[in-house]
Amino acid sequence: MFRTYKSTTLACYIGYITQAAVNNLAPILFIVFQQKYNIGYELISLLIITNFATQLIVDGLAVKLCRIVSTRTLSVAAHFFCAAGLIMMGTLPLVISETFVALMLSVITYAIGGGLIEVLVSPIIEAIPNDSGSAKASAMSLLHSFYCWGQMAVVLLSTGYIFFFGDGYWFLLPVIWGLLPLINGFVFTKVPLSPSLSEGVGMPVIKLLKERGFVLILLLMLCAGACELTMSQWSSLFAQRGLLVSKQVGDLLGPCCFALLMGTGRVLNSIFAKKINMYALLCCSGLLCLVCYIAVALSDNAVLSLIFCALCGLSVAVLWPGTFSLAAAGYKKGGTGMFGVMALLGDCGCGFGPFIAGMICDAVTNGGGSEAAGMKTGFAFSSVFPVLLIVSSLILYFMHKKKKDN
């Protein structure tokens, strides 16, 4: 048991499901935090940015930590931090009078684990002996699809729990989800890891940053994170407050359908990766994402808005794993440090995208506008990220074509 690379791959899949719980459980509970603890949009935005800012800091530190601490040790620690943070989210608000402080401490704790998982899991999969670059690209996309299935599980199971048991017992949800990383942490103590993970850390980050192409890849990562998380973090609350649908309908038709289409897109990409030009796919995905954000911002039809919220999941499906694959193929000696820097920029987008949208929403509502108008204004501003992604993808494509022709 736990002696083959199949068990390693499964543990990595569960690692990404854990990452999904870390990033998506709190948004399901935002409405509970508002109603029970009077936590407004500004403080909710602060929870979001704290999560991803912490992950961002950890991403940067992990680049150095990987030089002195083994991948296995860091992987186990990552899962235990996630478990501790989720369990704290369900218990600390019951014993600390300052609820927001309790939530903030919980978020920081599980974000430490989430940041480490983001840095470590992709290179672990990349290092597993495989056939070719296209096979690795397929494996990478399939790995990232488990984030989507995890997000779906979080939404469906958590929404179902609140529906059947009521929000009075919300605090048990984070504790239950905390058991998953707790168990997977022990699994990571046993599974085999490729020897190549300990053969050095690859190219120095400073050298990578001198490559014009790699700087564009980092910009892609930032935009990918912002495009994905702005919609997924706010879609549930937008459906409930902006479109005036019930929590169950909002969760199922917002973040749940978003995750379903995103996961489906990643599985399809893992199947057809050999036949697809990744640069063209990134451009097309960015264009669809742009359409989705503009449609949600401008539409007054609740059904149409929810459709485009969900369709946005398909549009962002390949952005993150696709950019990882481009970097792995273009910088074969990048190592864990490369993935760490990419995760850092991705998490920067994951944090600042939703944070800026929330701040814009708060400014509009404080200025006398409706909640719906505030959220739509935030989504309209967020359309700048898919535009930047399209431009960066095109520049990278022409740089690649020129290099190939020479």
Side-chain angles (χ1 to χ4, degrees), residues 56 59-60 63 118 122 126 133-134 136-138 140-141 144 202-231 262 265-266 269 272-294 312 314-335 337-353 356 380-406:
L56 188 152
D59 291 342
V63 176
E118 187 63 57
S122 291
E126 185 71 21
S134 58
K136 287 184 180 294
S138 296
M140 188 69 70
S141 193
H144 284 259
M203 292 174 65
V205 173
I206 296 298
K207 187 175 180 180
L208 279 170
L209 293 175
K210 291 180 181 178
E211 299 279 345
R212 286 185 300 169
F214 187 70
V215 172
L216 284 171
I217 282 176
L218 293 182
L219 180 58
L220 279 178
M221 285 299 299
L222 185 143
C223 293
C227 289
E228 179 182 329
L229 267 294
T230 300
M231 187 64 76
M262 183 164 67
R266 288 178 176 176
N269 183 54
F272 299 107
K274 296 179 182 180
K275 304 177 181 179
I276 298 175
N277 183 305
M278 186 56 67
Y279 297 101
L281 186 57
L282 286 174
C283 286
C284 291
S285 296
L287 183 60
L288 178 59
C289 184
L290 176 62
V291 170
C292 291
Y293 270 95
I294 292 176
C312 187
L314 182 63
S315 75
V316 302
V318 301
L319 301 187
W320 195 287
T323 306
F324 266 50
S325 296
L326 284 181
Y331 304 92
K332 297 183 184 299
K333 296 183 179 180
M338 178 182 74
F339 285 102
V341 174
M342 291 178 66
L344 190 152
L345 266 293
D347 283 338
C348 186
C350 288
F352 284 103
I356 292 171
F381 176 84
S382 299
S383 64
V384 69
F385 295 112
V387 171
L388 287 173
L389 187 138
I390 294 168
V391 173
S392 301
S393 299
L394 287 172
I395 295 173
L396 267 175
Y397 168 73
F398 286 115
M399 287 177 61
H400 174 75
K401 190 174 184 296
K402 184 178 179 181
K403 186 177 180 180
K404 191 174 181 181
D405 291 340
N406 292 337

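Count residues from 1 along the sequence. What you see below is based on every heavy atom in this structure, not just the backbone, and it leaves out hydrogens, waters and symmetry mates. Here the structure is a predicted model, which is why all the values come from computation and not from measurement.
- Take Phe214 and apply the ring-ring contact (aromatic ring centres under 6.0 Å, His included) test, not counting sequence neighbours, and it matches Tyr331.
- For the side-chain contact (heavy atoms from CB on, under 4.5 Å) test, residues two or more places apart in sequence or in another chain that qualify with Leu326 are Met278, Tyr279, Leu282.
- Here the closest heavy-atom approach between residue Ile294 and residue Ser383 is recorded as CG1-CB, 4.3 Å.
- Nearest heavy atoms, Ala317 versus Arg266: O-NE, 2.5 Å.
- For residues 213-222, there are no side-chain hydrogen bond (donor to acceptor under 3.5 Å, both in side chains) pairs, not counting sequence neighbours.
- Residues meeting the side-chain contact (heavy atoms from CB on, under 4.5 Å) test with Ile390, sequence neighbours left out: Leu287, Leu394.
- Taking all atoms of both residues into account, the shortest heavy-atom contact from Leu319 to Cys227 is CD1-CB, 4.1 Å.
- Side chain of Ser392 to backbone of Leu389: no donor-acceptor contact under 3.5 angstrom is found.
- The two residues Ala327 and Met342 have their closest heavy-atom pair at CB-SD, 3.4 Å.
- A heavy-atom distance below 4.5 Å is not found between the side chains of Cys223 and Pro386.
- With hydrogens and angles disregarded, a donor-acceptor distance shorter than 3.5 Å links the side chain of Tyr293 to the backbone of Met231.
- Contact detail for Ser285 and Val318: the closest heavy-atom pair is OG-CG2, 3.4 Å.
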Taking distance alone, no hydrogens or angles, what donor-acceptor pairs closer than 3.5 Å link side-chain atoms of residues 215-222 to residues at least two apart or in another chain?
none

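- For the residue pair Ser393 and Cys283, the shortest heavy atom distance occurs at CB-SG, 3.5 Å.
- Counting only heavy atoms from C-beta outward, the side chains of Glu118 and Trp320 approach each other to under 4.5 Å.
- Residues Ser122 and His144 meet the side-chain proximity criterion, which asks for heavy atoms closer than 4.5 Å.
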